[in-house]
Amino acid sequence: MDLGKGSNKSSANSPAVIGLIAVITVLLGVGGLVIAQLTPVLFPDQASAEANQIDQLFKVMLGIGGSIFLLVQGVLIYSIIRYRKRQGDNTDGPTVHGNVTLEVVWTAIPAVVVLGLVIYSYQVWVDIQEPKEDELVVHVEARRFGWTFLYEDERLTAGNGNGNENSNATRFPAPDLHVYAGQPVRLVMETEDVIHSFWVPEMRIKQDLLPGRTTEMRITPQLVDGRASDEYPLRYRVVCTELCGSGHGAMFTYVYLHEDEESYMQWVDSSVESVLNPPEDPVLNGMRIMASGVYGCQSCHALQDSREGMTLSWDAVTGPSLQGIADRASTRVSGQPAEEYLYESIYDPGAYIVPGYGNIMNQYQFVNPDAAHYLPKPDAEAITAYLCTVSDEFTPEELAENPLCDFDNLLSYSEMYTMDGMN
Amino acid sequence: MATASYPMDGVAGQVKRPALAEYFTWSIDHKIIGVQYIVTSLFFFIIAGALAMLIRWELMTPEITVMADGSQYNTLFSIHGTMMIFTWIVPFWAGLGNYLIPLMLGAKDMAFPWLNAFAFWLLPPSGFLLILGFFIGPAEAGWTSYPPLSTIYSPDGQTLWALSIHLVGLSSILGAINFIVTIKNMRPPSMGWFQMPLFAWATLATSIIVVLATPFLAGALTLLLLDRVAGTTFFDATSGGDVLLWQNIFWFYSHPAVYIMILPGFGVLSEVLAIHSRKPIFGYRMIALSSMAIAIVGFTVWAHHMFTSLQPELRIPFMITSMIIAVPTGIKIFGWLGTIWGGRIRLNSANLFSLGFLSLFVIGGISGVMLAAVPVNIHMHDTYFVVSHFHFVLYGGSVFAIYSALYHWWPKITGRMLDERLGKIHFVTTYIGFLGTFMPQHIVGMQGMPRRVAVYDPQFQDLNVLISLFSFLLGISTFFLLYNMVVSTVAGRVAGANPWRALTLEWQTTSPPPAYNFAGEPVPFEDPYGYGTDASKAYLDAMESRFGPSPGAEEERRPPSGALPEPQPAGD
Amino acid sequence: MADDNKKPTSEEQENAVTDDELKQIAGDVSPPDEYPEGQADALEEALEEASDDGELTAVEEGVTSALRATEEAQDTAPVQAFDSAVSGIQSAIESIPGAPEEPQDAHAQPHLSDTTVLFGREFPYSIYTMVFFALGALTIIEVLMAELLASVEIIKIPLLLSIATAKSALVVIFYMHLNHDSRVFAVTFLVPVGIALLSVLFLLGIPAN
Amino acid sequence: MSQVAVEQHHHEMSAEEKARSIDNQKFAMWLFIASETVIFSTMIVAYIVFRIQEPEIVKGVHEALGLSGILLVTFNSFLLLTSSWAMVMGLREIQRGNRAGMIRWFWLVAGLGVAFLAIQYYEYVQMASKGITLYHDPSSEFAGFGMRFYAPTAFHGAHVFAGVLWCLLVMRRASKGVYDKNSVGVEIFGLYWHYVDIVWVLLFTLIYLI
């Protein structure tokens, strides 16, 4: 490339030589283009408007980089083949010390290229960063090793039965992120413990969550090329990309990309509905609370369960699996009945540590609503009631006949564990 | 004062090495210390390499299968990274510099021999502390050790980790002060700044960075240790601290540290390519000055490691500086291409690794520019794309340069040649293993696999299995080198003073050099790369008549008809 | 680990060059002060010589012509400007002196003048004592200012910072002898101060939240 | 034509240049000082950030110290400044060949260093009694000040301590006549001592006055 520049200035060169250099230049350019066109196929879906821009920028850089790559490798391979030392040739090469013009050329051309890339990147960055109109605000809370998303909804007011009296009262929780095509989203993110980083590869956007700070990022989801209408909502992984401890790799959840507002609102409505009108049955209510992700149980525990229109599909590995927990609960600590074991495990996770796992679960406060980890007592009771029915050995009908826990007993136990500030 | 018992007479054709026991003593001879550094760092390289193999074994499945849990996996890559950086690449360059700089400058020793030994002996304890961490609850916060994970959430091994890095840091600073003083003050009067070998330039630039950047790490580690053991909260956001303070101070050091690891490699390349292509280095002054430019600009780019945590409006300035630093690097690469163009390229192991460096480093450089662009970075940050990028510059770059340096200067250090056939096998397996390991990592990174995970999306398993298989080849390839080194030390072909017919001063004495390096005052050939001139031929011939022919070079000078017998394999 | 490769015969050792002969050979070989002209020709010649058939490939011809063109372009203004800029840096570095010729003696008890001459008048105390008085006075002024201006931070802080800087400068210049010693020391001292200042300013610029 | 303008690189050194030429040990000491500057800067910046973010706490500390506290520290600063002066006077003596004179001055240097440390210790005790602790104590009204105060000052104190030991070593060697012909060994200790003094000049102003 550089060499071509110089030769054009020289009138002394034969047309054939100029032609050759032109051919090489064009070959390099075309080679770069080919590399740029082929490689981005390796990117995942473009599920956000930002993805288009970022991929385009990447493609441009890859094209330029590809040309440089071909130039360097070309010269290298050519030299190795052509100038390799022949057997018996003990002469030295020509004593050529350098060339100022070439120095200028290969300082200036990269500088100009780099400058161009800076300007282009800057434009893309400004575009991505720019606040959009009518952004949907979603609050993100991260903890080791999971995510909870909180959505604003005006139907929710303080004291509407979701139990939380604090600022989250007007928000409903979800373990997954739901967005729909064309609706810009602003994520307002906080972490409870260490640094995490929010990344959806298909949306190309990443932002760290820093202790003591609130960070923000913007996504504009879009329809994905080549996806049929019935494939929606598309499901992508949200992964943590900042090392956060033993469960870092397992710290992921999903983002659901709805095709349109209607489908998204259906999900919102059903979520709000379940917050406003929780099931009477404590078992089902416990399941609803867990499914909402509000306490982050899904972050560490695995559990597959579906009943009465609700499903839990968790596959985290950092904490002990909850699959069939009711069968084991009564035998974990000798002398402790199942319901007490389960309840105590929520109240004081360190009381009994399942072998092979660390003592990393949050210490929940049952009374003080201002506590960092507040879990109202009724919720704890409901969760315990639900967990008492999570059995592999018995069918729901059998459990109805012979429950594994005594629910009345549970209420009396729960009286024993109401002191706040127990540590 | 203890010095090595070298022969002073420097009789040709003989290899007189210091006794083995000297290497285990407090010696203040720079050549002993150089070898001590090199062997110690190789030892840690093997350990850290074994950890890498374990990492790749674990990653063949998307679940945790080999390790007990995620913590154990985190420990693996934390110690792998820390060891590779602080007890392998950095001290290796210190060792090579130690061995070569006084020789290249015609000096009898480093400026401060005692300090030199002290700096080395800080290294084994620090490596020992790192390993000790395994037994008392290891460090698992990665080599970057971001708080609060590394403070309130980490076991006691993290304290040992910090102490260990503190020691290495001190060792580097003392070593670097020594290098700067030696290079500035101990050249022969006739060797001006711009007649120094380029390796000396590279070491100078590296040392300046070490002196000015490593203290940032020392300061940050002091605060981290206080946080861990004294109950302070410099980095604890819940108690008035600031997590970004660590990231900033850490990268004040650790970005320049990238150049600490690669600049000596650039120096090696400038030596090896010129000597083995039998041509002067193309554009000496630009290659020398670009090292200094990199050292300076390298101080202004640190925050590109924080593109996803830094305030958005602060990211742009660092994008600009990070991209600008590609320019001096480009100058070097084009200069090297100019050097080999039209030369007599000897495809021996030393040169193969340098040419391999050139071809791989370009890829690392290009992906580096991509990562410097903020929008691309926020997709690629902390993914396998980044893992691939820095292995391309640190393995494809630094380690290839280290290999090249070993093949090139081994005859000088031990007096015996490394076996060429094994060397070529080593090169081919390393090159293929490397490409197979790290090329596909770009792809998994782009597609969505974050780094530092033992549990990953099962869709990436196929590629990860492929990567792991190639990485095992890469692991095995190292043994060709180790075997070669052992066999050569015992029974390699005798090298002679100057098997490569090189012009720089370290070759104008016996191999290995005698105590105090030169019998009498060395006479430098003042154009260190003046190959192809009559004067250089006369100088080399004169040197040959002084030290006797270099039998190690037989292969190089074999006439076409095959009049000489095949070169004798090692051991004969 | 005995090695029994051929030892040089006495004849060979007699034939070995002496230092003087070597100095003569190595004598005038410093690298060229400029890139000599006609390097493209030299390269072409060498390439022809090296190739099997004595001919250049098309690629080589192209490169060689390009090199010729670059040699022609060396007189143009931008190239000249670049070259003189680089040469400027180069001579700046070259001007850094090497080691003292006899390091032991160079510093044998330098008799630095320590009389104080201010405005053409000689003072009865040595410069060191004068500086000490100045340091004491500045410290007293500092404390006084800190107390008097306690509430006027906008004046107090810059004022105190400049006094502290002045005190440090006095120590560095007179007590640490930067006024007599090499400028290299001054650079060695000021560069890290600059780096530290820059990093401090940067960290101050980051909003806390 | 292009000029790789390399000046005649092995010319005779002028007298001026000889005076400015560089001694190995002195150069190494300056490089060490360069490193120290950067280490101190990390601790000082931690303090400055705190001073900017929590001016009230710092003001509270100053009030708690009171005028007597500030005067004590000022006196302590004087001790270090005086020791610097003694240091340079001692260096002058040995350069003039007066070994005994140098040792007399250096007794002053070491003594002032010890006095500085003693007063600093007394001050630490006072601080601790007011609830300014190294560890983070959320209940203290000065929460957060302690660690940012003790870290740089104690690090500096450690340097003074090392300096006192070095000073004693230099005196011992001087009494054996080591520096009679070449005083560089004394000079590099001087560089260290003055540098430690400079750091204190900055810390004093930043922490106690601003």
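Quantities reported herein were computed from a predicted structural model and do not represent experimental measurements.
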Measure distances from [X] to the heavy atoms of chain C and classify the residue's part below 4.5 Å as side chain, backbone, both or neither.
X: T82(D); value: both
X: L206(D); value: side chain
X: I70(D); value: side chain

Over 60° means perpendicular and under 30° means parallel, so classify the ring planes of W30(D) and F185(C), tilted if in between. parallel
Parallel, tilted or perpendicular: which describes the rings of F189(C) and Y195(D), with under 30° parallel and over 60° perpendicular? perpendicular
Minimum heavy-atom separation for K167(C) to L81(D), with atom names?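 The answer is CE-CD1, 4.5 Å.
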Tell me the closest heavy-atom pair linking T188(C) and A34(D), and the distance in Å.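 So the minimum-distance heavy-atom pair works out to O-CB, 3.6 Å.
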Pair T205(D), I163(C) - check side chain to side chain contact (heavy atoms under 4.5 Å, CB included), show working. CA-CA 9 Å; T205(D) 307; I163(C) 296 179; over 6 Å; no
Return the option, out of [options], with the maximum number of heavy-atom pairs under 4.5 Å with chain D.
options: S168(C), A169(C), A196(C); value: S168(C)
options: V86(C), I157(C), V79(C); value: I157(C)
options: V143(C), L170(C), I140(C); value: V143(C)
options: V193(C), T129(C), I195(C); value: T129(C)

Supply the atom-to-atom distance [X] [atom1] to [Y] [atom2], rounded to the nearest 0.5 angstrom.
X: M176(C); Y: M87(D); atom1: CE; atom2: CE; result: 10.5 Å
X: L203(C); Y: I52(D); atom1: CG; atom2: CD1; result: 10.5 Å
X: W85(D); Y: L135(C); atom1: CH2; atom2: CG; result: 12.0 Å
X: K156(C); Y: L209(D); atom1: NZ; atom2: CG; result: 7.5 Å

Contact part of V172(C) toward chain D, heavy-atom cut-off under 4.5 Å: side chain, backbone, both or neither?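 Both the backbone and the side chain of V172(C) come within 4.5 Å of chain D.
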Please look at L160(C) and chain D and tell me whether the side chain, the backbone, both or neither of the residue comes under 4.5 angstrom of a heavy atom of that chain.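 Both the backbone and the side chain of L160(C) come within 4.5 Å of chain D.
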